[in-house]
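Single-structure report; data block below.
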Amino acid sequence: NSNSNSNINNNNHNNHNSVGPSPAPPSSSSSSGSWKVKCPFDFTDSKMNDNHGSDDTGVVIIRGLERVSRHPGLWSLAFLCAGQAFLAPTWAYQVWWTMPTFVAWIGGSHTDSRYRRGMGGTMDPLYDQQTSNIPFMALLTGQQGPNVGKVLSKFVMEELKPWNAVLATMLATTFVLKRANRINNAHLQHALLKKTTTTTTTTQ
């Protein structure tokens, strides 16, 4: 009886700490203490745990990019392509570059809907309540705490990797400035060529 009670308590403890979307069960093998190759797109602080959990009161703990969106990878690509859309020379390219935004919006919502129904994964109701698919919606609407400023400050000061963010911003700014300069030069050359052609036609 004591062994069965112990197993039940352990199972309840594991279920209590299982929150958030779970597309697949975690691997039984762990290599704690060994060096691991992590995703280069991980902008969360390495001091935080790899997986979110819950505290002693059962409140879901949301950390890092989970505060922004449940699908940070999709929205990172969407924002990258949206920035490229602003630099596209024609409306057709602009529309084409905005397509990943719709993929992130519709695809993320579809995945969440499946997880809520237990299809392909699961999603804890508390995690669902405190996070959002659309970036920053849950944070700015107070779903992660009534004091939005305090939550945002904690995200920036404690959970964000500042050097990763600064490096990404610098690279993106450099790319945009170079691309904008090339576009401006192309427009100037086109205007100059058009002006020269008009002048030659008028002279003849």
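Numbers for residues simply follow the sequence, beginning at 1.
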Original post:
At their closest point, which heavy atom of Q130 faces which heavy atom of Q143, and how far apart are they?
Top reply: CG-O, 3.6 Å
Subject >> Atom pair NZ/CG of K178 and L87 - distance to nearest 0.5 Å >> reply: 14.0 Å
Subject >> For the student: nearest non-hydrogen atoms of S132 and A138, plus distance >> reply: OG-N, 3.2 Å
**OP:** Report whether V148 and F136 are members of the same hydrophobic cluster (ILVMFWY, side-chain heavy atoms less than 4.5 Å apart, transitive linking).
**Re:** yes
Original post:
Taking only residues two or more places apart in sequence, or in another chain, which ones meet A82 in a side chain to side chain contact (heavy atoms under 4.5 Å, CB included)?
Top reply: T101
Subject >> Residue pairs fulfilling side chain to side chain donor-acceptor pair (under 3.5 Å) with at least one residue in residues 83-94, sequence neighbours excluded >> reply: none
Original post:
Donor-acceptor pair, W75 side chain versus N133 backbone, under 3.5 Å?
Top reply: yes
**OP:** Determine whether more than 12 heavy atoms belonging to other residues, nucleotides or ligands lie under 6.0 Å from atom CE of M137.
**Re:** no
Subject >> E159 side-chain N/O to R63 backbone N/O, donor-acceptor pair under 3.5 Å >> reply: no
Original post:
Hey, does the side chain of H71 reach the backbone of G108 with a donor-acceptor pair shorter than 3.5 angstrom?
Top reply: yes
Subject >> Heavy-atom closest contact (C81 atom, W97 atom, distance) >> reply: CB-O, 3.1 Å
Original post:
Could you state the interatomic distance from CZ (R117) to CG (D112), rounded to the nearest 0.5 Å?
Top reply: 11.0 Å
